[in-house]
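Side chains included, hydrogens not; waters and symmetry mates left out as well; all remaining heavy atoms used.
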Amino acid sequence: MLIGVAGLAGGLAVGGVVMVYALALALQSTADSEARQSAEGVAAMVEANQMPQPLPVIGEVRVQVVDDRHRVLAASIDADRLVPVLYPEEMPRARAGESLFIPGDRLGIRGPVRVVAEPAGSDTVLVAKSMADLTQSVRLLRNILLIAFPVLLVALAAVAWRVIGLTLRPVEALRTGAEEITGGARPGQLPLPDSHDEIHRLAVTLNGMLDRLEAARARQRAFVADAAHELRSPLTNMRTQLEVAQRLGDRTDWPAVADDLLLDTQRLSRLVDDLLLLARADDAGARALRTVPVELGELVTALAERYASPPVTVAVPDDPLWTSGEPEALARVVGNLVDNAVRHTRSTVRVEVGGDGPYHLVTVSDDGPGIPVADRQRVFDRFTRLDDARARDGGGAGLGLAIVRELVRRHGGSVRLADATSGPGLRAEVRLPAASCPENSF
């Protein structure tokens, strides 16, 4: 604020100085022009040998005609007829066209006098004009500015202080609100100003950002809490088995304990891998996709060989269907869907690959109990189990479908759950962007 007022004062001061200086130059130029016109008129009469006595003049000027011996040949009615207004050493400068200032006491008048000269053969016409009135005008303007400048500056400073204060009041409210949010004294919302201007739009944008940050923090807290809960179960099992084995001493069946601990360790390793994958998926810039051409029929066929047939059967077209992505990630997508289907099917799991316009379609169908329509979106959330009573060892950690959704999204595709096409069961559909056939595939 103080810097703004100082800048305003400096600008007004410079403007006032420029105004006074410009007025002085304009008045001086006008006086020179009038004196020069009078000198030219008298010089024309001298050259025509028509020099009357006294010399006629126009305006408030005094005129003399001086010869080369510095003698006054003629003068206007109020000019000195004996002594020229310029000294001999000043005459060459005046004849060269320079306008000179001389003191008014040479002519017996008050204030400075402006003198111009006009050659007329060997003679010189001198025209003197008093600058007292013009100087007084400049002085009057300067005094007015000196008096008005402080008053104007104070008025402008008061107006600027008021206007800037009103303008910055919403900003101060935003600052106070941000400080309260940081201190945890109130919910994470900034106050919205009444005016619908840039400050209001800024507050709306900041509130939206705060909402997103709060949602991200809530997801992070829930993720950490759920991850800790899931990790606690295998760790508790391992600790219990070791404590029991320690108490039993020599009666402990150590091979059985080792097998149980290996199972818990494998489950713990899978859970950590899943958590790490989801954590990377949350950070979109953590790792870019290293895409290569992937033939979906070949990928699905190779994956199905890990399962018994039945229950898992595969149907792929004769023509190759290419997409672009990470083979390991796409295999993880299909594998998770097949694992879920095998876990819940009664008899058959069928994996199919087909074309769907600009997308390729991979479907995994089972004849199990299915999932209610109301829960088909919720099951893609992390740590979601529809059957809370079933064993964690049998049902997993509830991360499989969440991983499927994240990996498919990163590949530019979509996934959804639907009813099986024939009979009871569930059908998982994954759509992936189609890619052109690579040249080296033939």
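- For the atom pair OG of S99 and CZ of R93, the computed distance is 11.0 Å after rounding to the nearest 0.5 Å.
- Checking side-chain atoms of D375 against main-chain N and O of I371 turns up no donor-acceptor pair under 3.5 Å.
- Judged by distance alone, with hydrogens and angles left aside, the side-chain atoms of T240 form a donor-acceptor pair with the main-chain N or O of T236 at under 3.5 Å.
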Q: Tell me, with the steps shown, if R376 and D419 meet salt bridge (Lys or Arg N to Asp or Glu O under 4.0 Å).
A: CA-CA 10 Å; R376 288 177 184 174; D419 293 328; 2.2 Å; yes

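- Put simply, the side chain of V294 does not reach to within 4.5 Å of the side chain of W322, judged on heavy atoms.
- More than 12 heavy atoms of other residues, nucleotides or ligands shown are found within 6.0 angstrom of CE on M209.
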Q | Pair D211-L213, side chain to side chain contact (heavy atoms under 4.5 Å, CB included): steps then yes or no | A | CA-CA 5 Å; D211 290 339; L213 291 176; over 6 Å; no

Q.
Would V316 and T301 count as a side chain to side chain contact (heavy atoms under 4.5 Å, CB included) here? Give the steps.
A. CA-CA 8 Å; V316 298; T301 302; 4.0 Å; yes

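- The one candidate from Q377, R431, R405 that meets the side chain to side chain contact (heavy atoms under 4.5 Å, CB included) condition with R416 is R431.
- Judged purely by distance below 3.5 Å, without hydrogens or angles, the side chains of T348 and D367 never pair a donor atom with an acceptor atom.
- The two residues Y359 and P433 have their closest heavy-atom pair at CD2-N, 3.6 Å.
- Residues T30 and E34 have side chains in contact (heavy-atom distance under 4.5 Å, counting atoms from C-beta outward).
- The two atoms that bring A94 and L86 nearest to each other are CB-CD1, 3.6 Å, heavy atoms only.
- Contact between V138 and A24 at its shortest, heavy atoms only, is CG2-CA, 3.9 Å.
- The shortest heavy-atom contact between V312 and A304 is CG1-CB, 4.3 Å.
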Identify all side-chain donor-acceptor contacts of residues 329-336 below 3.5 Å with residues at least two apart in sequence or on another chain.
from, atom 1, to, atom 2, distance (Å)
R332, NH2, D274, OD1, 2.0
N336, ND2, G400, O, 3.2

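- Between the side chains of R350 and S365, no donor N or O sits under 3.5 Å from an acceptor N or O.
- Pairing each heavy atom of P150 with each of I147, the nearest pair is CD-O, 3.3 Å.
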Q: Any chance you could lay out the side chain to side chain contact (heavy atoms under 4.5 Å, CB included) test for M19 and L141, step after step, and finish with the verdict?
A: CA-CA 9 Å; M19 181 185 299; L141 175 62; 4.2 Å; yes

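- The closest donor-acceptor contact from the side chain of E326 to the backbone of E328 lies at 3.5 Å or more, if one exists at all.
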Q.
R212 vs E214, test: salt bridge (Lys or Arg N to Asp or Glu O under 4.0 Å). Steps then yes/no.
A. CA-CA 5 Å; R212 292 190 293 273; E214 181 62 29; over 6 Å; no

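- Taking a 6.0 Å sphere around CG of D381, one finds it holds more than 12 heavy atoms contributed by other residues, nucleotides or ligands.
- Taking both residues in full, the closest heavy atoms of L361 and T363 are given as CG-CG2, 3.7 Å, listed atom of the first, atom of the second, then distance.
- Once rounded to the nearest 0.5 Å, the distance linking NE2 of H360 with CG of L321 reads 4.5 Å.
- The backbone N or O of D133 sits less than 3.5 Å from a side-chain atom of S137, completing a donor-acceptor pair.
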Show every donor-acceptor pair shorter than 3.5 Å between a side-chain atom in residues 242-260 and any protein atom, with sequence neighbours excluded, or say none if there are none.
from, atom 1, to, atom 2, distance (Å)
E243, OE2, R239, NE, 3.0
T252, OG1, A245, O, 2.7
T252, OG1, G249, O, 3.0

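- Remark: the backbone N or O of Y87 is paired with a side-chain donor or acceptor of E90 at under 3.5 angstrom.
- Without hydrogens or angle criteria, T205 side chain to R201 main chain gives a donor-acceptor distance under 3.5 Å.
- By the 4.5 Å heavy-atom criterion applied to side chains, Q241 and L261 are counted as neighbours.
- Within 6.0 Å of atom CD in E298, 12 or fewer heavy atoms from other residues, nucleotides or ligands are found, so the atom counts as exposed in its surroundings.
- L190 CG to L174 CG: the interatomic distance, rounded to the nearest 0.5 Å, is 5.5 Å.
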Q.
Working note: L262 + Q266, criterion side chain to side chain contact (heavy atoms under 4.5 Å, CB included); need CA distance, chi angles, decisive distance, verdict.
A. CA-CA 6 Å; L262 181 60; Q266 291 174 346; 3.7 Å; yes

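- One finds the CZ atom of R427 at 5.5 Å from the OG1 atom of T421 (value rounded to the nearest 0.5 Å).
- Within a 6.0 Å radius of CZ in R110, other residues, nucleotides and ligands contribute 12 heavy atoms or fewer.
- For the atom pair CG (L126) and CZ (R95), the distance works out to 9.5 Å, reported to the nearest 0.5 Å.
- Looking at R114 and L100, their side chains never come closer than 4.5 Å, going by heavy atoms from C-beta outward.
- Using a cut-off of 4.0 Å between Lys/Arg side-chain N and Asp/Glu carboxylate O, E172 and R175 are scored as salt-bridged.
- In the displayed structure, F101 atom CZ is contacted under 6.0 Å by more than 12 heavy atoms of other residues, nucleotides or ligands.
- With rounding to the nearest 0.5 angstrom, the CG atom of L192 is 4.5 Å from the NE2 atom of H200.
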